[in-house]
Amino acid sequence: MTRRFGMVCRLRPERREEYLRLHSAVWPQVEATITDCGIRNFTIFVRGDVLFGYFEYIGEDYAADQARMAQDVVTQEWWAHTAPCQLPFDADSPEPNWQELDEVWHLD
């Protein structure tokens, strides 16, 4: 069964161009790891300083796949470049950057 995820965060204004530049050429190993961990149809949109991400998960064990992704050395290096560009959407969020959204409606 496919699970859909939406998430949101903000860009640090002074690092906006860096983030967009990084995502104009995502590292192939990062993309391969994302795919190997059961994620499909991953899209990030931007409007001003707001980022909206969407992806579909087709695997069997989301937590295990996320842990496997987090252990990938190249992905960790990628996150070391992208994470400083991001802020949580809600300033008081305990999350370091991306915050998951609750799905309200869907149409296939």
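- Here Met7 contributes atom CE and Phe89 contributes atom CZ; the two are 14.0 Å apart, rounded to the nearest 0.5 Å.
- Between the side chains of Glu31 and Thr35, no donor-acceptor pair of N or O atoms lies under 3.5 Å.
- With a 6.0 Å radius and a threshold of 12 heavy atoms from other residues, nucleotides or ligands, Glu103 has its CD atom above the threshold.
- Note that the CH2 atom of Trp98 and the CG atom of Leu87 stand 12.0 Å from one another [nearest 0.5 Å].
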ask   = Hey, mind stepping through Val46 and Ile44 against side chain to side chain contact (heavy atoms under 4.5 Å, CB included) and telling me if it holds?
value = CA-CA 7 Å; Val46 63; Ile44 298 174; 5.9 Å; no

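- Note that CG of Leu20 and CG of Leu22 are 9.0 Å apart. Values are rounded to the nearest 0.5 Å.
- Judged by a 6.0 Å distance limit and a 45° cone about the ring axis, Arg3 is positioned over the six-membered ring of Tyr62.
- To the nearest 0.5 Å, atoms OH (Tyr19) and OG1 (Thr82) are separated by 6.0 Å.
- Summarising the geometry of Gly48 relative to Arg16, their closest heavy-atom pair is O-NE, 3.0 Å, with the distance given to 0.1 Å.
- Atom CZ of Phe42 sits about 5.5 Å away from atom CD1 of Ile34, to the nearest 0.5 Å.
- Minimum interatomic distance between Trp105 and Leu107 (heavy atoms only, all atoms of both residues): CH2-CB, 3.6 Å.
- By the 4.5 Å heavy-atom criterion applied to side chains, Gln86 and Trp79 are not counted as neighbours.
- By the criterion of side-chain heavy atoms lying less than 4.5 angstrom apart, applied directly or through intervening Ile, Leu, Val, Met, Phe, Trp or Tyr residues, Phe45 is not grouped with Phe5; the two fall into different hydrophobic clusters.
- Distance check: Arg10 CZ to Asp49 CG gives 5.0 Å after rounding to the nearest 0.5 Å.
- In this structure, the side chains of Cys85 and Arg12 stay at 4.5 Å or more apart for every pair of heavy atoms.
- Between Tyr57 and Thr2, every side-chain heavy-atom pair lies at or beyond the 4.5 Å cut-off.
- Transitive grouping of hydrophobic side chains (ILVMFWY, heavy atoms separated by less than 4.5 Å) keeps Tyr54 and Leu11 in distinct clusters.
- Residue Cys9 comes nearest to Asn97 through the heavy atom pair CB-O, 3.6 Å, listed as atom of the first residue, atom of the second, then distance.
- In this model, no donor atom of one side chain and acceptor atom of the other lie less than 3.5 Å apart for Asp90 and Ser93.
- Using a 30° and 60° split on the angle between ring planes, Trp78 and His23 fall in the perpendicular class, above 60°.
- For the salt bridge (charged side-chain N to carboxylate O under 4.0 Å, His left out) test, no residue two or more places apart in sequence or in another chain qualifies with Glu100.
- In this structure, Phe55 is not a member of the same hydrophobic cluster as Ile58, with clusters built from ILVMFWY side-chain heavy atoms closer than 4.5 Å.
- Contact record, Arg68 with Cys37: NH2-CA, 3.6 Å, taken as the closest heavy-atom pair.
- The two residues Arg4 and His106 come nearest to each other via the heavy atoms NE-ND1, 3.1 Å.
- For the residue pair Phe52 and Leu101, the shortest heavy atom distance occurs at CE1-CD1, 3.5 Å.
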